[in-house]
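Just so we're clear, the structure is a prediction, and the values are computed from it rather than from any experiment.
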Amino acid sequence: MGNPNVGKSTVFNEITGSHQHTGNWTGKTVDSAKGEYYYKFNDYTLVDLPGTYSLLSSSEEERIARDYLCFEKYDCVVCVVDSTSLMRNLILVLQVLEITSKVVLLLNLTDEAKKKNIEINTCKLQSLLGIPVISATARSGKGINALLEAVHLICTGAEEFSPNQMIYDESIEKILSNIREKTACVLHSDEHSRFFSMRMLENNDMFFESVRKYLGDKKASELKRIANNEIKYADIDTETYVQSLTESIVQKSDEIANDVVSTRVSKKEIREKILDRLLLGKYTGIPIMLIIFGGVLWLTIVGSNYPSELLRSVFDDFEIWLADFMTSLGVGETVVSLLVGGVLRVLLWVVAVMLPPMAIFFPLFSVLEDFGILPRIAFNMDFAFEKCGACGKQALTTCMGCGCNAVGVTGCRIIDSPRERLVAIITNSLTPCNGRFPLLIAIISMFFCSNSFLSALILLCFILVSIIMTFATSKVLTSTVLKGVGSSFVMELPAYRKPKLLKLIKDTVREKILFVLARAVLVAAPAGLIIWLLANINIYDVSLLNRIADVLDPIGGLLGLDGVMLLAFILGFPANEIVIPIALMAYLSTGEMTDYTSLESLKSIFVQNGWTWVTALCTCVFSMFHFPCSTTLLTIFKETKSIKWTLLSVITPLSVGIFMCMIINFISKVLNLI
C-alpha cells in the first residue's frame with residue numbers, strides 16, 4: 001500500500017508480471033488487483049490496495065485500505081513511499097504501524113531523489129521506525145529482490161521486528177489506555193485494539209459501519225456504547241481529538257524526515273518551481289491552460305485532415321471494388337446498395353472520421369497527463385467546480401470528454417463521492433468530443449473563418465462555452481436532484497516526468513482508441529441499415545427520410561435549424577460523425593450516404609437549402625449540446641446501472657441545447673426586425 005503516484009502499481013507489476021487479475025472491491029467502483037508469485041519454495045499472493053493518504057476513512061479508497069488492514073488476514077504489509085517526499089508519505093506509514101508490526105518500508109523512486117540531490121539515511125530510518133527499509137527504483141527493477149527477501153523473512157517468521165510505538169499527548173494516551181482494555185475484551189484479542197480504540201474515540205460512523213459489516217451488529221453496538229461512554233466521561237471534543245492525533249503524526253513524520261533526509265536544491269527543482277509558478281499562478285494558470293489546450297485542438301484539426309482524406313479515399317476504392325465484385329457474383333443491385341452503400345459505408349465513414357483525430361488527441365492528452373500538466377489543470381479548476389457543488393476531479397473527466405465522452409464517463413470512477421460522480425457523468429456530454437469536431441470545424445470554416453489557426457480559436461471559444469454550461473448545469477443538479485455536502489478533494493501534484501512515449505502510445509491505443517472504436521463500430525452497422533431503409537423506401541415518390549424531415553421542419557425552425565438537420569442529429573445517434581452525410585442524403589435526395597468534394601461545394605448545398613449564419617451557429621450549438629451518442633449512453637448505463645440517471649444524462653444536455661438554440665433564433669429575429 002501507499003500514497004497515490006508513488007509507483008505502487010509498478011512494484012506490483014514488476015513482482016507479479018502476467019500472473020495478476022483486476023476487478024472491483026465488493027460493492028465498490030474502486031479497482032482491485034491481485035497477483036501471484038513464487039519465491040524460495042513458497043507461493044505468495046500480492047494484493048494491491050488503493051492509493052491513499054491516510055487511514056482516517058474520508059474517502060472510499062481510505063475505507064477499503066483501512067478495512068483490509070483491520071479485518072482481513074495477511075502476512076506482511078509493504079508500504080511503498082516516494083523517496084522525494086518522505087515526510088508526507090511517513091504519515092500513512094505511522095498509521096499502518098499502529099495496526100501491525102509486520103511492515104516493510106520500500107523507498108521507491110530513488111532515481112528521482114538522486115536527480116533532486118536528495119539522500120536518505122536508510123540505516124537511521126530503519127532504526128527510528130523499527131522495521132526493514134529497502135531502497136528501490138521499481139521501474140528498472142532495482143531493489144525488488146531485496147524486497148522479496150525482506151517479505152519472505154517476515155512471512156516465514158524468520159525475523160520479527162518491534163516497531164517504535166507512536167506516542168501521543170499524555171492525556172490522549174491515558175484515555176487510550178482506559179478504552180483499549182475494554183475494546184480488547186469485545187474483540188477477544190489485543191490485536192488491533194489500540195487502533196480500534198483510536199478510531200472509536202473519533203466517533204466516526206463509517207468506522208462503526210465497517211465493524212458491523214465484518215464483526216457483526218453485536219460487537220459494533222458494544223464498541224459504539226464503550227466509545228460513547230468514554231467520550232462522555234472524559235469530556236472529549238472529537239474534532240479537537242482528531243486534530244491532536246493528526247498534528248502528532250505530522251509532527252513525528254516531520255521529525256523523522258528531518259533526521260534522515262539531506263538535500264541540496266537542484267537545477268531541476270528550480271525549473272519545476274518556475275513551471276509551477278506559471279501553471280498554478282493566479283493570473284497565469286488559466287491563460288496558459290487555454291493556450292495549451294488550444295494548441296492541442298489546432299494540432300488535432302490540422303493533423304487529422306490528411307489521414308481522414310486518405311482513409312476515405314481508400315475506403316471509397318474498397319467500396320467500388322466490393323460492389324463490382326458482388327455484382328459479378330450475381331448479387332442484386334438493391335442488396336449491393338443496402339450492404340455496401342448503407343451498412344458498410346456508415347461503418348467505414350465512422351472509422352475514417354473518428355480514428356485520425358483520436359489517434360492525435362488521445363496521445364497528446366496522455367502526454368499532458370504523464371508530464372504532470374493535467375493534475376495542475378484540475379487544481380486550477382477545483383475552486384470553480386467546488387462553487388458548483390461538484391468535485392475538482394471533474395476537471396480531469398471533462399478534459400477526457402474532449403477526446404471521447406464515453407472515456408470521460410468511465411474516467412468518473414476517480415471521483416470518490418457517488419453523488420459527485422453522478423454529476424460528472426451527467427454533465428460530461430456537455431463537452432464536445434472529437435466525434436463532433438469534424439462538423440464544428442467544417443461549419444466554422446465555411447461560415448465563420450477559413451484560417452486553421454483562427455478556426456482553432458473559435459473552436460476553443462465554443463469549448464469555453466461548454467465549460468461554462470458544465471459549471472451552470474452542475475450547480476443546478478447539486479441544488480436540485482443531487483443535493484448533498486461536497487466531499488474533500490485531496491490532490492497530490494506529481495513531479496514533472498518525461499513521458500515514456502512507446503508505452504504511452506501502446507496504452508492509449510489499447511485502452512482508449514480501440515475501446516471507443518469497437519463500441520462505435522458495434523452500433524454503426526445497424527444504423528447504416530436503418531438510414532438506408534429510410535432513404536430508399538418511398539411514399540408517393542418521396543423518401544421516408546424526406547417525409548420525416550418535413551414533419552420535423554416546424555420544430556427545427558424553432559431551434560434555428562430545419563427538419564433535415566434535426567433528423568440528421570436524431571439518426572446520428574450511433575455516431576456524431578455521420579450527421580453531415582445524412583443531411584446531404586436528404587438535401588440531395590440520394591439513396592446512399594454522400595461525401596462532399598470540398599467545403600465550398602458543401603456550403604453551396606447548404607446555402608441553396610436556406611442556410612444562413614444563424615442556421616450555422618445553431619447547428620454548432622446543437623451539435624455541442626444534444627443527447628449523447630449511443631456509445632456514451634451505453635457507457636453511462638453500465639457505470640450507473642440506472643435507467644433514471646441514464647435518461648437524465650439525455651435530458652440534461654438536450655435541454656441546454658434546445659434552450660440556447662431558441663434564444664439565438666429569437667435574438668436573430670429581433671435583430672432582423674430592428
Original post:
From Phe625 CZ over to Ile658 CD1, what is the distance, rounded to the nearest 0.5 angstrom?
Top reply: 13.0 Å
Original post:
Are any side-chain N or O atoms of Ser642 and backbone N or O atoms of Trp645, one a donor and one an acceptor, separated by less than 3.5 Å?
Top reply: yes
Subject >> Asn665 (side chain) donor-acceptor with Cys661 (main chain) under 3.5 angstrom >> reply: no
Original post:
Donor-acceptor pair, Asn108 side chain versus Val6 backbone, under 3.5 Å?
Top reply: yes
**OP:** Check for a donor-acceptor pair, side chain of Thr397 on one end and backbone N or O of Gly411 on the other, with a separation under 3.5 Å.
**Re:** no
Original post:
At their closest point, which heavy atom of Thr431 faces which heavy atom of Asn405, and how far apart are they?
Top reply: O-ND2, 3.0 Å
Subject >> Donor-acceptor under 3.5 Å (Asn89 side chain, Asn3 main chain) >> reply: no
Original post:
Are the side chain of Thr473 and the backbone N or O of Thr470 linked by a donor-acceptor pair below 3.5 Å?
Top reply: no
Subject >> Minimum heavy-atom distance between Ala257 and Leu86, given as atom pair plus value >> reply: CA-CD2, 4.4 Å
Original post:
So do Lys116 and Glu272 actually touch side chain to side chain, heavy atoms under 4.5 Å?
Top reply: yes
Subject >> Approximate separation, where rounding is to 0.5 Å, of Leu647 CG and Phe627 CZ >> reply: 13.5 Å
Original post:
Should Cys620 and Phe462 count as side-chain neighbours, where that means a heavy-atom distance under 4.5 Å?
Top reply: yes
**OP:** State, to 0.1 Å, how close Thr631 and Ala406 come at their nearest heavy-atom pair, and which atoms those are.
**Re:** CG2-CB, 4.0 Å
Original post:
Looking only at heavy atoms, which two atoms of Leu55 and Arg66 are closest? And how far apart?
Top reply: O-CD, 3.5 Å
Original post:
Which pair of heavy atoms, one from Ser649 and one from Ile426, lies closest together, and at what distance?
Top reply: OG-CG1, 3.6 Å
Original post:
Has the side chain of Ser244 got a donor or acceptor atom that lies under 3.5 Å from a matching backbone atom of Tyr241?
Top reply: no
Subject >> Side-chain donor or acceptor of Lys641 paired with backbone N/O of Lys638 under 3.5 Å >> reply: yes
Original post:
What are the two closest non-hydrogen atoms of Cys449 and Leu454, and how far apart are they?
Top reply: SG-CB, 3.2 Å
Subject >> Side-chain H-bond candidate by donor/acceptor type, Asn203 with Thr238, under 3.5 Å >> reply: no
**OP:** Return yes if some donor-acceptor pair links the side-chain N/O of Asp254 with the main-chain N/O of Met87 below 3.5 Å, else return no.
**Re:** no
Original post:
Is Asn380 reaching over with its side chain to a backbone N or O of Leu279, donor-acceptor style, under 3.5 angstrom?
Top reply: yes
Original post:
Can you tell if the side chain of Ser83 reaches within under 4.5 Å of the side chain of Glu112, non-hydrogen atoms only?
Top reply: no
**OP:** Could you tell me whether the side chain of Met565 reaches within less than 4.5 Å of the side chain of Leu559, counting heavy atoms only?
**Re:** no
Subject >> Aromatic plane relationship, Phe622 with Phe569 - under 30° parallel, 30 to 60° tilted, over 60° perpendicular >> reply: perpendicular
**OP:** Taking the side chain as every heavy atom from C-beta outward, state whether Phe379 and Asp276 have any atom pair closer than 4.5 Å.
**Re:** no
Original post:
Side chains of Asn5 and Asp82: does their closest heavy-atom pair fall under 4.5 Å?
Top reply: no
